Amino acid sequence: MTIAERIAALPAAVNTATEFNGKLTQGAPSASVEKSRANAETTRKSVLSSLYASDRADYTKEDALKKQWRKMNTVNLVDILDGTVDRRNRSLSIQDLERRLQEGSVSPSVEDTDMQMLEFEFKGIGFDAGPAYADVGAEKVSRNIEYVASRYAAMEARIKETYSGALQKTELDKLEKIYQRAVERAADKYAEIVGGILEKNGVSGEKEKLSSAYRESVETRAAQYREFLRENQEFTGVEGTENAWLARDDEYIAARLREQNIALQTAQAENSGYTRRDLEILGQYASEITVMEAKANTYDMNEERMGLELAMLAMKTDTIEEEGGISGELKETLEKTLNGFVNSFMDRFDQQLGTNRDEAMTAYDSRGNVALDKESVWNVYNKTMDEYRQSGDLMKALVKGAEYAKDRYNQKESEGSVLGVYRYMNGASYWNNFFKADTGSGYDRAVSTYSRHLTEFMDFKKRLDSGVGLQMNLTGSSNFYTAGSEGEMISEKA
């Protein structure tokens with residue numbers, strides 16, 4: 001009899017509950033009820049945040065104990081149908097479990113491989129492209145590469161130590177298939193998202209190269225971890241102690257591998273020219289320009305602001321190319337992407353204004369969405385970039401560009417040429433507060449537009465120099481905190 005047939009043959013459920021006779025009373029929940037709700041919410045968040053092991057990247061001894069408890073209490077449908085589910089370990093405390101692990105009397109054993117669980121955990125490795133913008137940050141690229149490479153190396157070592165002969169080969173073959181699928185899936189998704197953003201901005205033909213570079217980055221890191229394990233078989237510090245059982249948990253070994261800070265091999269990928277650092281930078285860059293576009297509102301982003309903020313993007317791009325430790329291949333790609341984005345950003349913004357006009361119900365609404373004056377955008381952009389090329393100082397160029405842009409904005413206002421245009425009516429605060437703090441009550445801490453840009457650049461530069469990631473801090477992503485007076489000396493070229 002098949003499982004489906006056995007399920008169909010089960011008796012129908014019967015409701016044996018008595019009629020509810022309780023009375024509802026109005027009032028605030030009791031403290032015990034609130035506590036129960038809080039505990040339930042904590043448990044829910046804990047479960048959701050740990051569906052994939054990659055979300056528990058540090059993987060501590062506590063995680064290892066919980067994982068072993070789950071492994072011992074996993075049941076399958078056939079056991080349920082047969083009524084042979086083993087419930088003896090359900091009441092086992094964490095303390096008792098740890099004692100048994102120390103004694104080596106736990107079944108299934110810690111080192112028993114669970115390829116199905118590994119494959120499930122690898123499915124948590126990937127990248128997201130939401131409806132508005134992508135999420136391919138530098139930290140996510142690093143996390144995904146490090147996690148898959150370390151888990152693969154640790155599991156391979158565990159299989160070789162645990163099994164022999166034909167069984168060892170079978171397990172290694174399973175591991176290789178799971179690993180390759182995980183790498184392929186993440187590489188293709190990265191290439192699809194990032195390459196798609198590049199294509200949208202006029203840079204085509206990069207998807208295959210990006211996918212290849214990602215795969216090679218994982219392979220390179222996995223090879224480093226495998227070599228480290230061969231040369232340092234007892235590196236965790238638990239060997240010979242009461243916690244020696246942890247050394248037989250491949251996930252624990254993988255987590256300790258990632259803590260070793262093994263120097264990266266940064267050679268360019270043979271088939272693409274991109275390095276892992278390139279992938280981190282390009283992923284974040286592509287994500288950030290989609291953020292910039294998604295948050296550019298046709299109701300408050302006027303031409304002068306657009307020109308200045310596109311110039312800020314260009315100057316930060318130049319900083320990445322000069323100081324970001326990237327390859328010549330990526331420098332060329334960034335240049336092409338920037339040039340394409342500046343033009344396509346204005347085109348798509350103007351198209352949205354056109355759509356707004358087409359849907360306008362009144363002449364007033366149509367006037368409010370008047371077509372973009374690209375010449376005004378280019379005037380501010382070029383003025384800012386000319387100053388940057390002459391001084392080599394981003395913040396000086398920002399000041400000069402902002403002074404020019406604000407004058408142009410005020411002139412349009414005084415002449416009445418933008419009367420009734422929504423983006424000028426609603427975007428006044430950007431320029432009114434550019435060089436002085438906002439005196440409104442909308443923020444806990446008043447900031448000027450200039451100080452916001454200054455702190456954004458300080459954060460961007462600090463992260464770029466440290467190599468921990470990249471935060472472009474483009475439109476809509478500011479932290480809204482005031483820079484200290486020492487921030488005025490940010491430029492090393494001043």
Side-chain angles (χ1 to χ4, degrees), residues 46 49-68 70-71 94 98 101-102 110-111 113-114 117-118 120-122 124-126 137-162 175 178-179 182-183 186 214 216-267 275-277 279-280 283-284 325 462-463 465-470:
S46 175
S49 67
S50 61
L51 283 174
Y52 294 110
S54 57
D55 294 326
R56 307 187 303 275
D58 53 346
Y59 195 81
T60 63
K61 173 183 172 182
E62 181 182 8
D63 293 319
L65 286 167
K66 290 178 180 178
K67 180 177 181 178
Q68 185 61 29
R70 289 194 299 269
K71 184 188 293 188
I94 289 293
E98 183 175 2
L101 285 165
Q102 292 169 354
V110 178
E111 67 262 28
T113 57
D114 187 343
M117 180 54 69
L118 179 66
F120 172 77
E121 290 165 347
F122 274 177
I125 300 298
E139 292 88 349
K140 181 165 283 191
V141 172
S142 293
R143 186 202 73 164
N144 289 356
I145 291 175
E146 291 292 321
Y147 186 82
V148 172
S150 61
R151 286 299 304 273
Y152 171 67
M155 180 62 89
E156 181 190 55
R158 177 57 43 217
I159 291 172
K160 289 181 177 179
E161 292 171 6
T162 306
L175 172 63
I178 293 171
Y179 166 69
V183 174
Y214 188 96
E216 290 186 46
S217 294
V218 182
E219 294 284 359
T220 298
R221 195 54 166 165
Q224 284 187 276
Y225 282 140
R226 294 164 83 188
E227 182 64 24
F228 180 87
L229 284 175
R230 281 193 291 268
E231 297 179 354
N232 303 272
Q233 295 185 5
E234 297 185 356
F235 74 99
T236 64
V238 300
E239 292 81 6
T241 71
E242 64 178 8
N243 292 319
W245 62 271
L246 285 169
R248 300 192 299 276
D249 184 330
D250 66 280
E251 194 169 351
Y252 184 83
I253 294 297
R256 304 293 79 77
L257 274 176
R258 296 192 295 273
E259 294 175 348
Q260 298 307 302
N261 296 318
I262 303 170
L264 288 172
Q265 293 179 0
T266 57
T275 67
R276 169 169 159 178
R277 172 70 170 166
L279 297 178
E280 294 170 344
Q284 184 67 63
K462 179 180 179 181
R463 291 169 66 87
D465 292 343
S466 68
V468 298
L470 179 66

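Keep in mind that the numbers below use all heavy atoms, side chains included, and drop hydrogens, waters and symmetry copies. Just so it is clear, the model here is predicted, and its values are computed rather than measured.
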Handout entry: For L229 against F235, the heavy-atom pair lying closest together
Key = CD2-CE2, 3.6 Å
Handout entry: Flag for Y59-D249: side-chain donor and acceptor within less than 3.5 Å
Key = yes
Completion exercise
What one should report as the nearest heavy-atom pair of A153 and A222 is CB-O, 4.2 Å
Handout entry: Inter-residue atom distance K61.NZ - N243.CG, 0.5 Å rounding
Key = 4.0 Å
Handout entry: Distance, nearest 0.5 Å, that separates CG of D465 from CZ of R463
Key = 12.0 Å
Handout entry: Approximate separation, where rounding is to 0.5 Å, of E121 CD and E251 CD
Key = 5.0 Å
Handout entry: Heavy-atom pair of closest approach, residues T241 and V238
Key = OG1-O, 2.6 Å
Practice task
Please indicate whether Q233 has more than 12 foreign heavy atoms, meaning atoms of other residues, nucleotides or ligands, lying under 6.0 Å from its CD.
Solution key: no
Exercise for the section: May I ask you to check if R230 and F228 form a cation-pi contact, with NZ or CZ under 6.0 angstrom from the six-membered ring centre and within 45° of the axis? Expected result: no
Handout entry: ring pair (Phe, Tyr, Trp, His ring centres under 6.0 Å) involving Y179 - partner list, sequence neighbours excluded
Key = Y152
Handout entry: Partner set under side chain to side chain donor-acceptor pair (under 3.5 Å) for Q260, not counting sequence neighbours
Key = none
Practice task
Indicate yes or no: does R151 engage E156 in a salt bridge with an N to O separation below 4.0 Å.
Solution key: no
Problem - Distance (rounded to the nearest 0.5 Å) between Q224 CD and L257 CG - result: 11.0 Å
Practice task
Determine, for R276 against E216, whether the closest basic-nitrogen to carboxylate-oxygen distance falls under 4.0 angstrom.
Solution key: no
Handout entry: Short side-chain donor-acceptor distance under 3.5 Å, R258 and S150
Key = yes
Problem - Inter-residue atom distance I125.CD1 - N144.CG, 0.5 Å rounding - result: 4.5 Å
Exercise for the section: Would you indicate whether E239, at its atom CD, is surrounded by more than 12 heavy atoms from other residues, nucleotides or ligands within a distance under 6.0 Å? Expected result: yes
Fill in the blank from the handout: Interatomic distance, CD@E219 vs CZ@R226, rounded to 0.5 Å, equals 8.0 Å
